[in-house]
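Working notes, beginning with the structure itself.
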Amino acid sequence: MRVQRSRCEDRLKKDLVYVNGKLLPRADAVVSVEDRGFVFGDGVYEVLRAIRGRLFATRFHNERLSRSLEGVRIKLGAKDSPSKFVDVGKELLRENGLLDGEATLYIQVTRGATTRAHYFPPEGTAPTVYISTARFTPLIELAEKGAAAITHPDLRWGRCDLKTLNLLPNVLASQAAKEKGAFEAMLIRDGVVTEGAKTNFFGVVDGTLRTHPSDNHILPGITRSVLRDLAADIGIGLDETPITVDEIPGLSELFITGTTTDVMPVVQLDGRYVGDGKPGELTRKLQRVLSESLASGGD
Ligand code: PLP
């Protein structure tokens with residue numbers, strides 16, 4: 001038992017990451033100070049969930065990464081593709097001793113390193129690809145009792161549907177939430193709730209489950225779309241009519257979703273209880289179906 005544990009610890013200590021074709025220890029991994037991700041936030045990323053070494057909803061993440069790359073006009077090298085990055089991720093999970101329990105896989109692609117200029121780098125500049133893994137522990141206790149959230153202005157750009165590295169408005173909103181002891185910030189644009197700073201947003205108004213439509217003002221969350229299908233399977237419809245600020249006091253249930261958040265009930269918003277201040281019935285049902293789907297292994 002002792003020997004097994006120390007072997008496992010040895011493997012974990014390796015903590016390999018992938019940078020531009022090479023696997024190397026995280027501490028030795030470097031990118032140029034001229035990398036466009038560093039200088040401009042000029043890149044895109046994905047976060048996937050691994051449960052006992054199996055990645056969840058890989059196809060959806062690959063499709064979203066392709067869409068983000070296309071949306072910001074980053075071209076991958078001939079030998080690269082989102083599915084190749086996922087294969088690298090699987091290798092990292094193995095190498096880093098993350099085939100048990102839960103983990104996350106992070107994939108980031110930037111427009112590469114070049115002398116600073118706003119327009120695109122010269123033709124042939126290779127994108128920078130960085131892939132890493134991390135141990136992950138689901139927020140089980142918080143998901144049981146429910147989280148607090150605040151509302152915050154949505155200060156983001158007009159292409160929130162692309163998963164880009166430009167997360168400054170999300171960072172500021174998340175910090176504002178943290179400073180108020182809340183888990184998430186609900187972003188408000190033109191009088192409606194768009195989504196959370198790192199999650200999608202669902203509410204129950206007059207018995208109907210509602211969320212913001214999938215347009216340029218929200219990230220099309222993978223958990224959001226998996227959950228919409230799971231809800232339909234059990235006869236729960238989803239109305240994609242945004243929830244207005246005026247409707248917030250009338251919400252009977254509220255929850256947020258994300259790859260590392262699952263279905264997280266929100267029981268307090270701006271210091272006021274949502275409904276009776278406990279996770280609602282519909283939220284509980286959807287929590288259950290999502291966790292069954294996650295446990296059944298993904299692809
Ligand atoms: N919305 C935003 C702004 C996010 O950053 C995220 C996740 O990072 C989500 C929604 C949830 O997306 P997913 O379910 O794909 O993790």
Side-chain angles (χ1 to χ4, degrees), residues 41 43-51 55-69 71-72 82 85-86 89 102-108 132 134 136 138-139 143 147 149-178 183-189 192-203 211-231 238 240 242-243 254-264 266 286-287 289-291 293-294 298-299:
V44 297
Y45 75 106
E46 273 301 319
V47 180
L48 289 82
R49 176 92 163 263
I51 300 174
L55 289 161
F56 188 73
T58 311
R59 183 169 59 85
F60 292 140
H61 284 281
N62 285 347
E63 282 168 8
R64 188 171 64 183
L65 182 54
S66 295
R67 217 180 142 267
S68 297
L69 286 164
V72 300
F85 300 153
V86 164
E102 301 219 15
T104 53
L105 169 62
Y106 181 79
I107 301 171
Q108 174 179 307
S132 67
F136 174 68
L139 302 164
I150 60 162
T151 52
H152 192 275
D154 190 342
L155 303 173
R156 299 173 302 163
W157 69 328
R159 290 304 306 272
C160 303
D161 54 317
L162 304 174
K163 200 163 168 64
T164 78
L165 298 179
N166 283 265
L167 291 173
L168 196 47
N170 311 57
V171 166
L172 294 173
S174 293
Q175 182 61 21
K178 191 177 173 203
F183 176 74
E184 177 61 304
M186 302 302 169
L187 305 178
I188 312 289
R189 185 195 291 257
V192 305
V193 186
T194 50
E195 59 180 334
K198 52 186 184 291
T199 56
N200 290 116
F201 169 94
F202 294 74
T211 195
H212 196 284
S214 187
D215 62 15
N216 60 313
H217 290 316
I218 70 160
L219 183 77
I222 305 302
T223 321
R224 177 189 183 279
S225 60
V226 167
L227 196 69
R228 187 193 44 212
D229 293 349
L230 292 171
L238 178 62
E240 300 192 26
I243 291 170
L254 169 52
F255 65 86
I256 50 178
T257 64
T259 295
T260 56
T261 315
D262 297 338
V263 171
M264 175 65 71
V266 174
L286 294 171
Q287 262 183 327
V289 289
L290 181 68
S291 73
S293 174
L294 284 163
D299 45 21

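For ligands, and for the atoms within them, numbers begin at 1 and follow the listed sequence. What's counted below: heavy atoms across the whole structure, side chains too, no hydrogens, waters or symmetry copies.
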Say whether, by atom type as modelled, one donor and one acceptor occur between the side chain of [X] and the main chain of [Y] under 3.5 angstrom.
X      : Y      : answer
Gln287 : Val263 : yes
Thr261 : Thr257 : no
Glu184 : Thr199 : yes

Of the protein's non-hydrogen atoms, which lies at the shortest distance from [atom], and what is that distance?
atom                    : value
atom 6 (C) of ligand 1  : Lys198 O, 3.2 Å
atom 12 (O) of ligand 1 : Gly221 CA, 3.4 Å
atom 8 (O) of ligand 1  : Lys163 NZ, 2.9 Å
atom 16 (O) of ligand 1 : Thr259 OG1, 2.6 Å

Of all the atoms in ligand 1, which lie at a distance below 4.0 Å from a heavy atom belonging to [X]?
X      : value
Gly258 : 11 (C), 14 (O), 16 (O)
Gly196 : 3 (C)
Glu195 : 1 (N), 2 (C), 3 (C), 10 (C)

Is there a side-chain contact between Lys163 and Leu65, using heavy atoms and a 4.5 Å cut-off? no

Please tell me if the side chains of Ile218 and Leu187 come closer than 4.5 Å, counting only heavy atoms from C-beta onward. no

Taking distance alone, with no angle check, do [X] and ligand 1 share an N/O pair under 3.5 Å?
X      : answer
Thr223 : yes
Arg64  : yes
Thr257 : no
Arg224 : no

Salt bridge or not between Glu102 and Arg49? Use side-chain N to carboxylate O under 4.0 Å. yes

Is Arg67 salt-bridged to Glu63, going by a charged N under 4.0 Å from an acidic O? no

Between Glu195 and Arg224, does a salt bridge (Lys or Arg N to Asp or Glu O under 4.0 Å) hold up when you go through it step by step? CA-CA 11 Å; Glu195 59 180 334; Arg224 177 189 183 279; over 6 Å; no

How close do Leu290 and Leu230 get, counting heavy atoms only, and between which atoms? CA-CD1, 3.9 Å

Atom 15 (O) of ligand 1: which of Leu227, Ile222, Asn170 has the nearest heavy atom? Ile222

Tell me the contacting part of Thr199 for ligand 1: side chain, backbone, both, or neither, using a 4.0 Å heavy-atom threshold, strictly below. backbone

Logged contact type for Ala197 with ligand 1, heavy-atom cut-off 4.0 Å, is backbone

Under 30°, 30 to 60°, or over 60°: which ring-plane class applies to His212 and His217, parallel, tilted or perpendicular? perpendicular

So for Asn200, does at least one of its heavy atoms come nearer than 4.0 angstrom to any atom of ligand 1? yes

